[in-house]
2 protein chains.
Amino acid sequence: MKKKQIAFEKLQDHYVARAEIIKALAHPTRLFIIDRLSEREHCVCELTDMIGADTSTVSKHLSVMKNAGIVSSDKRGLQVWYSLKVPCILNFFGCIEETIRQGAREHMDLAKSGKC
Amino acid sequence: MKKKQIAFEKLQDHYVARAEIIKALAHPTRLFIIDRLSEREHCVCELTDMIGADTSTVSKHLSVMKNAGIVSSDKRGLQVWYSLKVPCILNFFGCIEETIRQGAREHMDLAKSGKC
DNA sequence: TGGCTAATTGGTAATATAGCCAAGTAATGA
DNA sequence: TCATTACTTGGCTATATTACCAATTAGCCA
């Protein structure tokens, strides 16, 4: 078991790198932004209007995702246009949806069986 | 723009639900656990040995993932055996790896061009 | 140049997360 | 029944994240 622990330590860096990217996805507003960027690029002002938060808040969400390599930005005139750099992330959402549905189903089963 | 903001509010709950699941993935130790559970079920004691943290810490990581519907548990005798409930999550990791590689590549390009 | 708009950055307070230790629960078997 | 093992839960501190406001930067054009 000492051996296995060393195995974890060796892999640790890699899991940290993975977790960094996943953390950059783990916020409702950022998921909303990703969905919007999956359709077309948007400037910060458009996203800010849709979300209804402070510009600085939206800008910071975008910079978190940019640092993680999920989106890229392009300054054109006064505006900065963001686009989705890694569309394969969208495939993942299908799996998340499945997990949500599964959870809802089980919750209903529990309710039916009178356990909650 | 008011219209769009309302659209976000309506979807908000759904994005919160998605984010909950993704948050449950967003930790190096939990990613390690998912990889181990993708091979076979494990009891808490096995995972604790591999990870080298306190049992309570590992137990809490598992309960975060269980609440999110990612893993399921089965108590048999003294031990509790955990297994991966949503294997489709593994597909996602390919996309994360691609993002990591892409990031590394760009970093190298920057270094070559003398910009860092 | 000066004023305007779009976006980013710094500061700060509120909240959430992670880890360990200690205490509690549950199954087993002497 | 009592001790042991496996796990969970509560309590606590340290750290990270989020959101807003204020200040700053950058591009545009009169």
Side-chain angles (χ1 to χ4, degrees), chain A residues 1 4-5 8-9 12 15-34 36-37 41-68 70-83, chain B residues 1 4-5 8-9 12 15-34 36-37 41-68 70-83:
Chain A
M1 27 208 79
K4 287 198 176 176
Q5 192 176 322
F8 174 61
E9 279 162 20
Q12 175 81 314
Y15 286 110
V16 169
R18 276 192 188 182
E20 281 310 308
I21 294 173
I22 297 175
K23 263 192 244 172
L25 297 171
H27 191 285
T29 302
R30 296 202 285 266
L31 293 175
F32 175 82
I33 292 173
I34 288 172
R36 295 295 71 70
L37 296 184
E41 64 173 5
H42 284 281
C43 63
V44 180
C45 51
E46 286 176 330
L47 294 167
T48 301
D49 283 344
M50 290 189 253
I51 292 163
D54 197 272
T55 316
S56 67
T57 302
V58 174
S59 175
K60 275 175 185 171
H61 280 307
L62 287 162
S63 95
V64 167
M65 291 194 283
K66 192 181 168 183
N67 287 333
I70 296 168
V71 302
S72 57
S73 66
D74 181 27
K75 178 146 194 171
R76 296 203 289 273
L78 279 177
Q79 294 160 328
V80 178
W81 294 83
Y82 280 84
S83 51
Chain B
M1 36 201 82
K4 287 199 173 175
Q5 191 177 324
F8 174 62
E9 279 163 20
Q12 174 82 313
Y15 285 111
V16 169
R18 276 193 189 181
E20 280 310 307
I21 294 172
I22 297 175
K23 264 192 243 172
L25 296 170
H27 191 287
T29 303
R30 296 202 284 266
L31 293 175
F32 176 81
I33 292 173
I34 288 171
R36 297 294 71 69
L37 296 183
E41 63 173 5
H42 285 281
C43 63
V44 180
C45 51
E46 286 176 330
L47 294 167
T48 301
D49 282 344
M50 290 190 252
I51 293 163
D54 197 272
T55 316
S56 68
T57 302
V58 175
S59 176
K60 276 175 185 173
H61 280 306
L62 287 163
S63 95
V64 167
M65 291 195 283
K66 192 180 168 184
N67 287 333
I70 296 168
V71 303
S72 58
S73 67
D74 181 29
K75 178 147 194 168
R76 297 202 290 274
L78 279 179
Q79 293 160 327
V80 178
W81 293 83
Y82 280 85
S83 50

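A, B, ... follow the sequence lines: proteins, then strands. Residue 1 opens every chain.
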Is a donor on one side and an acceptor on the other found under 3.5 Å between the side chain of B/Q79 and the backbone of B/R76?
no
Of all residues at least two apart in sequence or in a different chain, which pass the salt bridge (Lys or Arg N to Asp or Glu O under 4.0 Å) check with A/D54?
none
If you round to the nearest 0.5 Å, how far is NZ of A/K23 from CZ of A/R30?
10.5 Å
With heavy-atom distances below 4.5 Å as the criterion, would you say the side chains of A/H61 and A/I51 are in contact?
no
A/V80 side-chain proximity, nearest of D/dT18, D/dC7, C/dT8
C/dT8
A/I51 CD1 to C/dA7 P, straight-line distance once rounded to whole Å:
12 Å
B/D74 has an atom CG; how far is it from atom P of D/dA6, in whole Å?
17 Å
What's the OH-P distance between A/Y82 and C/dA7, to the nearest Å?
9 Å
A/H27 side chain N/O closer than 4.0 Å to the phosphate oxygens (OP1, OP2) of D/dA19?
yes
Of residues 17-26 of chain B, the positions that come close to DNA chain D - non-hydrogen atoms, cut-off under 4.0 Å:
none
Flag the pair A/V80 / A/L62 as yes when at least one side-chain heavy-atom distance between them is below 4.5 Å, and no otherwise.
no
Any B/L31 side-chain heavy atom under 4.5 Å of A/I22 side chain
yes
In this structure, how many angstroms lie between the C1' atom of D/dT8 and the CG atom of B/L47, rounded?
15 Å
Which residue in the set A/I33, A/T48, A/D49, A/L37 passes side-chain contact (heavy atoms from CB on, under 4.5 Å) when paired with A/H42?
A/L37
Nearest whole angstrom, please: distance from the C1' of C/dA18 to the CD of A/Q12.
13 Å
Take atom NZ of A/K66 and atom C1' of C/dT9, then tell me their distance rounded to the nearest Å.
14 Å
Are the side chains of A/Y82 and A/M65 in contact, using a 4.5 Å heavy-atom criterion?
no
Whole-Å distance between C/dA7 P and A/L62 CG?
10 Å
Taking only side-chain nitrogens and oxygens of B/H61, does any of them come within less than 4.0 Å of OP1 or OP2 of C/dT17?
no
Which whole-number value in Å describes the distance from B/M65 CE to D/dC7 C1'?
15 Å
Distance check, rounded to the nearest 0.5 Å: B/S72 atom OG versus B/W81 atom CH2?
13.5 Å
Of all the nucleotides listed (C/dT8, D/dT18, D/dC7), which has the minimum atom distance to the side chain of A/S59?
C/dT8
With sugar-phosphate taken as primed atoms, P, OP1 and OP2 and all else as base, the protein-contact string of nucleotides 21-30 of chain C at under 4.0 Å (heavy atoms; B, S, -) is BB---BBS--
